[in-house]
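Contents: one structure, followed by commentary.
Numbered from 1 within each chain, the chains take letters A, B, ... in sequence-line order. What you see is a predicted model, and the numbers here were worked out from it, not measured in a lab.
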Amino acid sequence: MNSYELITILGPTASGKTSLAVALAKAIDLEIISGDSRQVYRRMDIGTGKDLSEYGSVPYHLIDICDAGEKYNVFEFQHDFAKAFAEIKAKGKLPILCGGTGMYIESVLKGYKLLAVPENRELREQLSGFTLDELTVKLSTYKELHNKTDVDSVKRAIRAIEIEEYYRTKTPDVTEFSPINSLIIGVDIDRDLRREKITKRLKSRLEEGMIEEVRSIIESGVSPDDLIYYGLEYKYLTLYIIGQLTFDEMFAQLEMAIHQFAKRQMTWFRGMERRGFTIHWVDAMLPMEEKVNSICQLMNVPI
RNA sequence: GGGCGAUUACCAGAGUGGCCAAAUGGGGCAGACUGUAAAUCUGCUGGUAGUACCUUCGGUGGUUCGAAUCCAUCAUCGCCCA
């Protein structure tokens with residue numbers, strides 16, 4: 001008797017989102033759509049914590065859909081999500097959106113309106129010599145920006161101008177996404193425990209061959225800069241591999257960066273609550289069965 | 001045993017008589033964020049009732065109107081001579 005079109009499971013890194021989503025999917029026959037901005041890349045497995053072996057027979061979507069070295073973004077995610085969502089729906093099943101990338105999740109729950117604006121090489125070249133200040137002045141001539149993200153770097157400012165210019169001259173192809181009615185489950189993990197788990201998990205991933213994983217991606221031709229762009233594990237391990245950090249420096253800095261990342265994730269989720277989303281927090285420490293049961297209750301599904 | 005140099009808030013580290021609750025960086029905490037989001041950016045960070053008061057700069061005791069800053073002494077650490 002629920003009108004939910006989707007179940008969303010979110011939480012900071014190392015909170016156990018994936019296991020919970022898989023357990024729930026097994027219990028009531030669901031399919032999982034990943035809401036993770038890094039698990040989309042192939043061969044980036046250990047560092048993104050894909051844990052594909054956990055899924056068993058549960059179908060998953062939006063994992064391994066790009067090559068390492070490519071650059072995926074929210075716009076593409078929104079479209080890919082819509083497609084996967086429709087497919088699962090067509091099968092008469094309920095999808096679970098599970099991930100830790102707050103903006104990706106919110107973009108589909110809210111139905112962000114993003115314009116399909118292609119790259120404008122000519123314009124980019126034209127603007128390439130400008131300073132951020134000059135670009136900011138130029139930006140201020142537009143009434144209202146369509147792209148509401150920060151314009152605090154030259155790259156972003158140019159992108160914002162690109163979007164405005166495109167919008168001025170053409171009618172962009174706007175795919176209308178509507179907000180989705182989703183039950184939102186947040187995995188709540190005590191801060192100190194979270195930090196402890198992050199550190200432990202980092203150690204075990206290093207033992208499982210995470211360094212080799214990054215090294216082999218570099219050897220296959222992906223440039224270190226492109227890997228550094230991905231942040232966290234891929235950034236610090238690459239810096240270690242190319243000799244810019246010692247092992248100890250890499251470990252200490254990466255550990256810290258993951259802690260900070262987890263904190264930022266929580267800030268996003270709390271922000272979502274302030275923006276009107278209801279998140280049902282479940283204690284990460286509860287036994288899996290209890291977590292699954294409590295979600296089933298929220299959904300009014302008989303257990 | 002002798003000589004010199006250190007000792008500052010969670011950490012590193014400035015400050016060397018008043019403008020010092022103490023620069024700066026890191027960490028931590030909180031927040032923002034519709035096209036890099038594992039990114040980027042902002043605020044706070046001794047205590048309390050928020051421009052005021054209280055307790056701080058290794059310990060103790062002095063000098064001074066006034067000390068993190070000067071003196072004495074003790075403690076710990078580092079380097080040099082034995």
When we call it a touch if two heavy atoms are under 4.0 Å apart, what does [X] touch: a base, just sugar-phosphate, or nothing?
X: Gln260(A); result: sugar-phosphate
X: Gly47(A); result: base
X: Ser107(A); result: nothing

For the pair Phe77(A) and Tyr104(A), name the ring-plane relationship: parallel under 30°, tilted 30 to 60°, perpendicular over 60°. parallel
Partner nucleotide, any strand, of [N] [Watson-Crick/G-U, under 3.5 Å]:
N: A67(B); result: none
N: U60(B); result: A72(B)
N: G27(B); result: U45(B)

Once you round it to whole Å, what is the distance between P of A38(B) and CE of Met266(A)? 15 Å
Nearest whole Å is fine: how far is A38(B) C1' from Tyr236(A) OH? 10 Å
Does the side chain of Arg264(A) get closer than 4.0 angstrom to OP1 or OP2 of A37(B) through an N or O atom? no
Return the 5'-most residue of the pair Gly49(A), Val74(A) with respect to RNA chain B, ranking by each residue's nearest nucleotide. Val74(A)
Euclidean distance for P, C10(B) against U48(B) (whole angstrom): 14 Å
Do Lys263(A) side-chain and A30(B) base share a donor-acceptor contact under 3.5 Å?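 Yes.
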